Asker: 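So that we are looking at the same thing, I have put the structure below in structure tokens.
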Amino acid sequence: MAEITIKLTRDNFNFRFKQYEGMFFNASINEGNEVVRYKITKDKEGKELKEFGNTHIKENHMLYIPQIEAYIDLKTLK
């Protein structure tokens, strides 16, 4: 299982919803499972919760973040 934390900034992502700018996307990725549980938090540690849910991995390495309508290449995070 891999844990990832990504800061949501307009420099990295082209998203239109300002309320997510500066927040953190925290996810737990299990090998062999396309469903990913995530939460969006106000702090890097993942304690101040804003939203949570499930998303998916496409083509074994692209993680979809529904709130900002963007895919993240997991290969670039390692």
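Not measured: the values here are computed from a predicted model.
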Asker: Check whether more than 12 heavy atoms from other residues, nucleotides or ligands sit under 6.0 Å from atom CZ of Arg10, and answer yes or no.
Answerer: yes

Asker: Determine, for Tyr64 and Lys58, whether the Lys NZ or Arg CZ falls below 6.0 Å from the six-membered ring centre while staying within 45 degrees of the axis.
Answerer: no

Asker: What closest approach, in Å, do Asp73 and Thr76 show between heavy atoms, and which atom pair accounts for it?
Answerer: O-OG1, 2.6 Å

Asker: Give a yes or no on whether the ring-centroid distance for Tyr38 and Phe25 is below 6.0 angstrom.
Answerer: yes

Asker: Determine whether Glu51 and Tyr20 satisfy the following criterion, side chain to side chain contact (heavy atoms under 4.5 Å, CB included), listing intermediate values before the conclusion.
Answerer: CA-CA 10 Å; Glu51 291 184 31; Tyr20 297 107; 2.3 Å; yes

Asker: Are Met23 and Tyr71 connected, step by step, through hydrophobic side chains (Ile, Leu, Val, Met, Phe, Trp, Tyr) whose heavy atoms are closer than 4.5 Å?
Answerer: no

Asker: Measuring from Ile6:CD1 to Ile68:CD1, what's the distance to the nearest 0.5 Å?
Answerer: 8.0 Å

Asker: Could you check whether atom NZ of Lys44 has more than 12 heavy atoms from other residues, nucleotides or ligands sitting under 6.0 Å from it?
Answerer: no

Asker: Rounded to the nearest 0.5 Å, how far does CG of Leu49 lie from CD1 of Ile40?
Answerer: 9.5 Å

Asker: Do Phe24 and Lys42 make a side-chain contact, defined as non-hydrogen atoms from C-beta onward lying under 4.5 Å apart?
Answerer: no

Asker: Which value, rounded to the nearest 0.5 Å, describes the distance between Thr55 atom OG1 and Ile29 atom CD1?
Answerer: 10.0 Å

Asker: In terms of side-chain heavy atoms, does Glu48 have a donor or acceptor partner in Thr41 at a distance below 3.5 Å?
Answerer: no

Asker: Answer yes or no: is there a side-chain heavy-atom contact under 4.5 Å between Gln19 and Gln67?
Answerer: no

Asker: Do you know which of Asn30, Leu63, Ile65 makes side chain to side chain contact (heavy atoms under 4.5 Å, CB included) with Val36?
Answerer: Leu63

Asker: To the nearest 0.5 Å, what is the distance between CG (Asn26) and CG (Asp43)?
Answerer: 8.0 Å

Asker: Quick one: closest heavy-atom pair of Lys39 and Gly46, and the distance?
Answerer: NZ-O, 3.0 Å

Asker: I want to check something: taking the side chain as every heavy atom from C-beta on, are Glu21 and Thr9 in contact at a cut-off of under 4.5 Å?
Answerer: no

Asker: Measure the CD1-CG distance between Ile57 and Leu74 for me, rounded to the nearest 0.5 Å.
Answerer: 5.5 Å

